[in-house]
> 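Just passing along the structure, written as structure tokens.
Keep in mind it's a predicted model, so treat the numbers as computed, not measured. Values below: all heavy atoms of this structure, side chains included; hydrogens, waters and symmetry mates excluded. In the text below, chain A, chain B and the rest are named by the order of the sequence lines, each starting its count at 1.
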2 protein chains.
Amino acid sequence: MAHARAARPARKRADRYHHGDLRRALLQAAVRTIGAHGIDALTLRAVGSSLGVSRTALYRHFADKAALLAAVAAEGFRLLRVQLEEAWERGGRGGAGFDAMGLAYVRFALAHPSHYRVMFGADVGAAENPDLEEEGARAFQVLVDSLVSQQQDGLVRRDDPQQMALFIWAAVHGIAMLALDRRLEHQHTDGEALARYAVGRLRTAIALATA
Amino acid sequence: MAHARAARPARKRADRYHHGDLRRALLQAAVRTIGAHGIDALTLRAVGSSLGVSRTALYRHFADKAALLAAVAAEGFRLLRVQLEEAWERGGRGGAGFDAMGLAYVRFALAHPSHYRVMFGADVGAAENPDLEEEGARAFQVLVDSLVSQQQDGLVRRDDPQQMALFIWAAVHGIAMLALDRRLEHQHTDGEALARYAVGRLRTAIALATA
DNA sequence: ACCTGAACACCGTTCAAGT
DNA sequence: ACCTGAACACCGTTCAAGT
């Protein structure tokens with residue numbers, strides 16, 4: 001079957017691998033596998049065979065399994081950053097934009113649970129992979145920049161923006177994790193509703209003190 | 001060596017296993033192993049051999065490896081609850097007690113990273129283990145009760161205590177996770193400092209609106 | 001340059017057998 | 001009742017070999 005002259009698309013795909021596309025394909029297959037069957041199902045054998053490729057072909061493109069996961073995480077941070085930037089811009093770069101960013105963060109985690117789990121999973125060494133480190137820092141910087149901007153507009157208290165951003169990041173990250181771990185189901189809420197409540201409370205928390 | 005007549009403590013310990021202590025010993029060994037060498041190093045072989053016991057002895061006391069991890073997590077939630085209760089009581093069951101609880105939460109995660117990682121790890125099925133479920137709920141209830149108490153004292157806004165508690169839990173959980181994942185090291189802070197800042201902001205966030 | 005297939009050293013789990 | 005030892009079906013990784 002693999003030798004059939006008629007299997008032209010397959011052959012074409014195989015050719016593309018030889019030109020460097022296998023890396024991308026492996027990344028997508030990894031995300032697909034985690035999304036479908038959980039992180040434990042992500043074996044190099046499963047990824048390889050879902051692409052019709054040997055389980056060791058991966059080692060031409062990634063140092064090891066951890067490097068594959070780090071690449072998934074870096075891609076996730078890039079996608080997240082785009083979402084945050086869009087929310088901030090579309091919200092008018094003010095209070096409404098800030099609220100939209102908070103919602104966008106939690107929605108990203110709910111919409112891309114496989115990416116998110118890998119991004120904050122224990123197995124992926126954040127410090128070991130500079131690419132991952134940078135993408136994470138860039139996403140975080142969107143939040144920091146928005147706080148500085150709001151400080152200049154007199155909307156937000158003049159605490160250290162870095163520390164304020166960490167506090168907010170921790171809050172939305174915590175909500176995302178609780179939602180993904182299904183720890184909100186036995187309560188009166190879900191990730192979306194809790195995120196809506198949280199952005200209101202966070203706004204109060206960082207508002208410029210009127211006293 | 002194992003047959004030496006002089007090895008009396010070892011024999012005594014072996015006897016205790018026959019009376020049901022192996023379960024406790026396995027739990028402690030699991031925590032010790034994760035603490036020393038990380039969660040990936042927690043193999044049933046490692047746990048067993050650290051107790052001088054076969055790697056399959058565990059199956060008399062736990063259904064499988066996941067059940068062992070769930071037991072570690074349940075114990076972690078019990079320890080955490082005690083810490084939170086103590087902080088709340090010692091702080092005078094008011095604003096100071098609330099702040100102390102927030103700090104105690106993050107400090108628990110920093111002091112017992114192996115427990116904490118398992119408690120919120122993806123592998124431990126929160127819904128599958130009723131014991132774990134209940135210990136988690138009891139720890140959470142300490143926070144809910146403290147909020148209700150503060151509402152009655154006119155210290156805290158009259159939002160749904162459950163939702164307010166989830167918001168706060170998410171925030172301190174997020175700080176704990178970021179600290180454990182070493183994501184605060186490249187910033188101007190650490191887990192303790194960020195927790196201190198966060199409890200101040202959280203207090204503002206949930207304070208009774210004066211308007 | 002890129003991929004394969006066999007081999008290696010692991011892993012969790014099962015199960016008949018021992019005491 | 002409790003534990004062992006061999007066996008099974010996996011896993012990530014290495015490496016000589018193919019094209």
Side-chain angles (χ1 to χ4, degrees), chain A residues 1-3 7 10-27 29-30 33-34 37-72 118 121-125 128-129, chain B residues 1-3 7 10-27 29-30 33-34 37-72 118 121-125 128-129:
Chain A
M1 208 214 288
H3 296 128
R11 211 194 183 282
K12 205 169 178 185
R13 198 175 57 176
D15 279 349
R16 284 220 311 275
Y17 290 167
H18 277 268
H19 293 287
D21 246 7
L22 181 54
R23 192 181 196 281
R24 271 202 57 138
L26 287 166
L27 226 60
T33 304
I34 300 174
H37 305 105
I39 200 152
D40 284 345
L42 184 76
T43 67
L44 301 191
R45 283 156 171 82
V47 171
S49 81
S50 85
L51 296 174
V53 118
S54 147
R55 56 192 163 287
T56 56
L58 168 140
Y59 287 92
R60 283 289 136 190
H61 303 278
F62 298 97
D64 51 19
K65 188 183 181 182
L68 171 66
L69 286 174
V72 171
V118 175
D123 355 304
V124 52
E128 286 125 47
N129 192 307
Chain B
M1 208 213 292
H3 295 127
R11 213 196 179 281
K12 204 172 181 185
R13 198 173 58 177
D15 280 347
R16 284 222 310 278
Y17 291 167
H18 277 266
H19 293 287
D21 245 7
L22 181 53
R23 191 179 197 280
R24 271 201 57 140
L26 287 165
L27 227 59
T33 304
I34 299 174
H37 305 105
I39 199 152
D40 284 345
L42 184 75
T43 68
L44 301 191
R45 283 154 171 84
V47 170
S49 81
S50 86
L51 295 174
V53 119
S54 145
R55 56 194 164 284
T56 57
L58 168 140
Y59 287 91
R60 284 289 133 191
H61 304 277
F62 297 97
D64 51 18
K65 188 184 179 180
L68 171 65
L69 287 174
V72 170
V118 176
D123 356 303
V124 52
E128 287 123 48
N129 192 306

> Report all interatomic pairs (protein N or O, nucleotide N or O of nucleotides 5-9 of chain C) with separations under 3.5 Å.
| unit_1 | atom_1 | unit_2 | atom_2 | d |
| --- | --- | --- | --- | --- |
| C:dG5 | O6 | A:Thr56 | OG1 | 3.1 |

> Once side-chain contact (heavy atoms from CB on, under 4.5 Å) is applied, do any residues pair with A:Ala67, and if so which ones, sequence neighbours excluded?
A:Phe62, A:Ala63, A:Asp64
> Residues in side-chain contact (heavy atoms from CB on, under 4.5 Å) with B:Arg45, at least two apart?
B:Thr43, B:Arg55
> In dot-bracket form, how is DNA chain C paired, counting a Watson-Crick or G-U wobble pair only if both its distances are under 3.5 Å and using | for bases paired to another strand?
||.|||||...|||||.||
> Among D:dC3, C:dC3, C:dC11, find the nucleotide with the atom closest to the side chain of B:Leu22.
D:dC3
> Please produce a list of atom pairs where a protein N or O lies less than 3.5 Å from an N or O of nucleotides 16-18 of chain C.
none

> Not counting sequence neighbours, which residues clear side-chain hydrogen bond (donor to acceptor under 3.5 Å, both in side chains) with B:Thr33? List them please.
none
> For A:Ser54, which residues count as a side-chain hydrogen bond (donor to acceptor under 3.5 Å, both in side chains) partner, sequence neighbours excluded?
A:Thr56
> When you measure from the side chain of B:Ala57, which nucleotide among C:dG12, C:dT4, D:dT4 comes out closest?
D:dT4
> Please give, in whole Å, the distance from C:dC2 P to A:Leu26 CG?
13 Å
> Only counting residues at least two apart or in another chain, list the ones meeting side-chain contact (heavy atoms from CB on, under 4.5 Å) with A:Ala57.
A:Leu22, A:Val53
> May I ask you to say what A:Leu42 touches in the nucleic acid, namely base, sugar-phosphate or nothing, with a heavy-atom cut-off under 4.0 Å?
sugar-phosphate
